[in-house]
Structures are given as structure tokens and as C-alpha cells.
Amino acid sequence: GHDNADHKGFMGASRVISRIWHEDGLRGFYRGLGPTVIGYLPTWAIYFCVYDAGKKFFSSEFPLAQQHPYAVHIASAMIAGATSTTTTSPMWVVKTRSMLQTSSVPEEHQYRNMIDAFSKIYKREGFMAFYKGLLPSLLGVFHVVVQFPLYEHFKSLTAEAQRGEPLTSGSILLCSGGSKMLASIVTYPHEVLRTRLQMIPTSTTLKGVTQTHYPSLLQTIYSIAKSEGIPGFYRGMGVNLVRTVPSSGLTILTYVFAHLLQLRIDYALLGHTCLQVVVLYVLYFSPHPLLCDHSAPLGGPNEHVCGLFQ
């Protein structure tokens with residue numbers, strides 16, 4: 001049986017950190033960095049371009065959009081999220097696979113670099129392997145249905161809004177971070193489902209322990225519910241919030257300021273990049289994604305990076 005301590009908040013996180021450091025050292029905390037760096041900016045570029053195009057389309061084609069601006073924002077954000085997620089899915093599959101690699105994986109199965117990862121995944125599993133976990137990822141775009149209304153509601157409660165003044169950067173960060181946190185909590189299970197589906201289909205340790213194979217979304221849901229219960233759908237949520245909430249706040253803050261300055265979308269993207277470059281390694285390329293995105297079954301070769309999900 002598994003130690004109950006591994007199932008509870010900080011104990012799970014501390015165990016994961018300890019085992020990563022013990023078995024892989026500092027390098028282990030930065031596995032998957034290459035695909036993350038390369039995939040991050042295109043994802044946001046596609047997102048913001050489609051988001052702006054969606055707002056213009058809905059506003060011009062649907063007269064009722066003027067009366068329901070929130071609906072325009074939500075619909076545009078959902079379409080933008082689905083488009084960017086689908087387009088960049090191969091990069092995030094490679095990222096997840098790379099993060100699951102440890103020193104205990106047989107050398108012939110290890111990825112030497114990102115190109116090697118793409119090659120081996122394609123040869124062994126085919127093109128569709130790059131779109132594993134896409135369905136729960138697409139379901140995850142519904143978080144904007146929660147986040148945007150909350151964001152607008154929080155803005156209306158600020159002292160600046162009640163005085164009819166523009167919001168300060170602190171208020172924007174607080175409103176966007178709070179709305180992102182609540183939306184992430186509500187929709188978090190899709191993160192677990194996505195990662196489980198993106199895992200290597202089968203892998204056997206030297207002790208003969210084989211990873212669980214998740215062949216479909218419904219079977220994955222059933223397997224997690226049966227073996228782990230409701231908590232299984234929220235493994236790693238705390239560490240995930242530490243990463244996503246500050247990053248989301250900075251993203252929205254930069255985007256808002258870019259539009260206040262009436263910059264075009266390409267300058268908005270440039271501003272977003274320049275502002276975040278200083279904190280990028282802390283908020284996004286730090287060990288946080290490694291801890292919150294891993295969900296291989298405990299006892300498998302990647303046990304030390306998966307305690308938060310088990």
C-alpha cells in the first residue's frame with residue numbers, strides 16, 4: 001500500500017522534491033524546458049490573435065453583442081484557447097514526455113533532446129500520439145466561462161471602479177489572479193486527465209512494475225475515480241496554482257496596458273514577452289510545472305515525480 005502522507009498536500013510535494021533532487025539533481029527540475037520555451041510564445045501569439053479577431057467578428061456580425069460584451073469576451077477566449085491548444089498540442093505532449101523522463105528509464109527509451117523525442121514518439125506511436133490528451137485540454141478552455149465573469153465582477157468591486165477611475169496595476173493583478181485561481185480550482189481535473197493520457201503507454205521498471213495504461217478519456221476517468229477517488233482529480237493543484245496564478249495576472253495586466261496604449265496585437269505580444277522575461281524562469285520555467293504536470297502511477301519508473309497525483 002501507499003503511505004497516506006503521500007496523499008496530503010505538502011507531504012506529497014516535499015517527497016516529490018526530495019526524490020527528484022536525490023535521483024536526478026538540479027537537472028531533474030528542468031526537464032521539458034526546451035519544448036516549454038519554444039511552445040510558450042507561439043501559444044500566446046495564436047491565442048491573442050484569434051482572441052482579437054473573435055471579438056471583432058462577434059461585435060460586427062451579432063448586434064446583440066453590444067448588449068452582452070461579456071459573452072463576446074467569453075466566446076472569443078474559448079475559440080482562441082481551443083485554436084492555440086490544438087495547434088501547439090504536439091509541443092506539449094513532448095514536454096510532458098520529457099518531464100516524465102528520469103535516470104531510471106532505460107537508455108534506449110530516453111530522449112536525447114527535443115528533436116529525438118519527436119522522432120521516437122512518431123516512430124513508436126504514430127502521428128496521433130502528438131494529440132493525446134487533446135480532448136481534456138479542449139474541455140479546459142471552459143475555465144474562461146468562470147474566469148471572465150469573476151474577473152469583471154471583481155473589477156466592479158474595486159474602489160477605483162466605484163469612483164469611476166481606471167484600475168491600478170495592483171487591482172488588475174488582484175482581480176485577474178483571484179479569478180484565475182477560482183477558475184483553476186473548478187476546472188483543474190482536466191489537467192490531470194490530460195497528463196495521464198499523454199503519458200508513455202507502457203513502461204516497465206527494473207523491478208517489473210508496469211505503468212498503468214490510459215487508453216481513452218472515459219477509461220481514465222473511471223480508473224482515477226476507482227483507485228484514487230475524488231482527490232485523485234486534484235493531485236498537484238496547489239503547486240499548479242503557485243505557477244499559473246501569478247503568470248496569468250502578469251499576462252492580463254500586460255495585455256490591458258497594451259490596449260490602453262492603443263498598441264496593435266504584435267506590439268502587445270512584444271510587450272508581454274519583454275515584461276515577463278525577467279520572471280519567466282521563476283513563474284513558468286521553474287520546477288513548478290514538473291511537480292504539477294506529472295501523473296505516472298506511484299511505483300512506476302517515474303514515481304519520484306508523481307507523488308502529487310497519487
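Heavy atoms only: backbone and side chains are in, while hydrogens, waters and symmetry mates are out.
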As an exercise, state the distance from [atom1] of [X] to [atom2] of [Y], rounded to the nearest 0.5 Å.
X      : Y      : atom1 : atom2 : result
Phe142 : Gln147 : CZ    : CD    : 15.0 Å
Leu139 : Leu217 : CG    : CG    : 7.0 Å
Cys175 : Leu157 : SG    : CG    : 8.0 Å
Leu218 : Ser223 : CG    : OG    : 12.5 Å
Thr96  : Met199 : OG1   : CE    : 10.5 Å
Leu173 : Leu167 : CG    : CG    : 10.5 Å

Under-4.0 Å salt bridge between [X] and [Y]:
X      : Y      : value
Lys132 : Glu125 : yes
Asp24  : Arg31  : yes
Asp116 : Lys120 : yes

Problem - Pair His143-Tyr188, side-chain donor/acceptor within less than 3.5 Å - result: no
Practice task
State whether a side-chain donor-acceptor pair under 3.5 Å links Gln198 with Thr195.
Solution key: no
Taking the side chain as everything from C-beta on, heavy atoms only, tell me whether [X] gets closer than 4.5 Å to [Y].
X      : Y      : result
Ile79  : Tyr51  : no
Tyr131 : Leu134 : yes
Val72  : Phe57  : no
Tyr234 : Val192 : no
Leu241 : Ile185 : yes
Phe154 : Leu182 : yes

Going hydrophobic residue to hydrophobic residue with side-chain gaps under 4.5 angstrom, can you get from [X] over to [Y]?
X      : Y      : answer
Leu41  : Phe48  : yes
Phe127 : Ile121 : yes
Val146 : Leu174 : no
Leu197 : Leu135 : yes
Met237 : Ile230 : yes

Test item: [X] side-chain N/O and [Y] main-chain N/O as donor-acceptor pair under 3.5 Å:
X      : Y      : answer
Ser60  : Lys56  : yes
Thr88  : Met91  : no
Ser156 : His153 : yes
Ser76  : His73  : no

Problem - Aromatic ring pairing Tyr47/Trp44, orientation class (parallel under 30°, perpendicular over 60°, tilted between) - result: perpendicular
Exercise for the section: Start with the C-alpha gap between Ser84 and Thr87, add the side-chain angles, then the distance that decides, and say whether side chain to side chain donor-acceptor pair (under 3.5 Å) holds. Expected result: CA-CA 5 Å; Ser84 61; Thr87 305; over 6 Å; no
Exercise for the section: Taking the six-membered ring for Trp and the single ring otherwise, decide whether the centroids of Phe118 and Phe130 are under 6.0 Å apart. Expected result: yes
Which atom names give the shortest non-hydrogen contact between [X] and [Y], and what distance separates them?
X      : Y      : result
Gly81  : Val141 : C-CG1, 3.6 Å
Ala77  : Phe148 : CB-CE1, 3.5 Å
Val94  : Pro35  : CG1-CG, 3.8 Å
Thr85  : Ser137 : CG2-CB, 3.5 Å
Gly177 : Val245 : O-CG1, 3.4 Å
Val144 : Ile74  : CG2-O, 3.9 Å

Completion exercise
Residue pairs passing the salt bridge (charged side-chain N to carboxylate O under 4.0 Å, His left out) test with at least one member in residues 61-80, sequence neighbours excluded, are none
Exercise for the section: Evaluate the criterion salt bridge (Lys or Arg N to Asp or Glu O under 4.0 Å) for residue pair Arg196 and Glu228; output intermediate values, then yes/no. Expected result: CA-CA 13 Å; Arg196 300 285 178 104; Glu228 304 168 50; 3.1 Å; yes
Practice task
List the steps and the verdict of salt bridge (Lys or Arg N to Asp or Glu O under 4.0 Å) for Arg163 and Glu160.
Solution key: CA-CA 5 Å; Arg163 293 195 301 263; Glu160 298 96 320; 5.1 Å; no
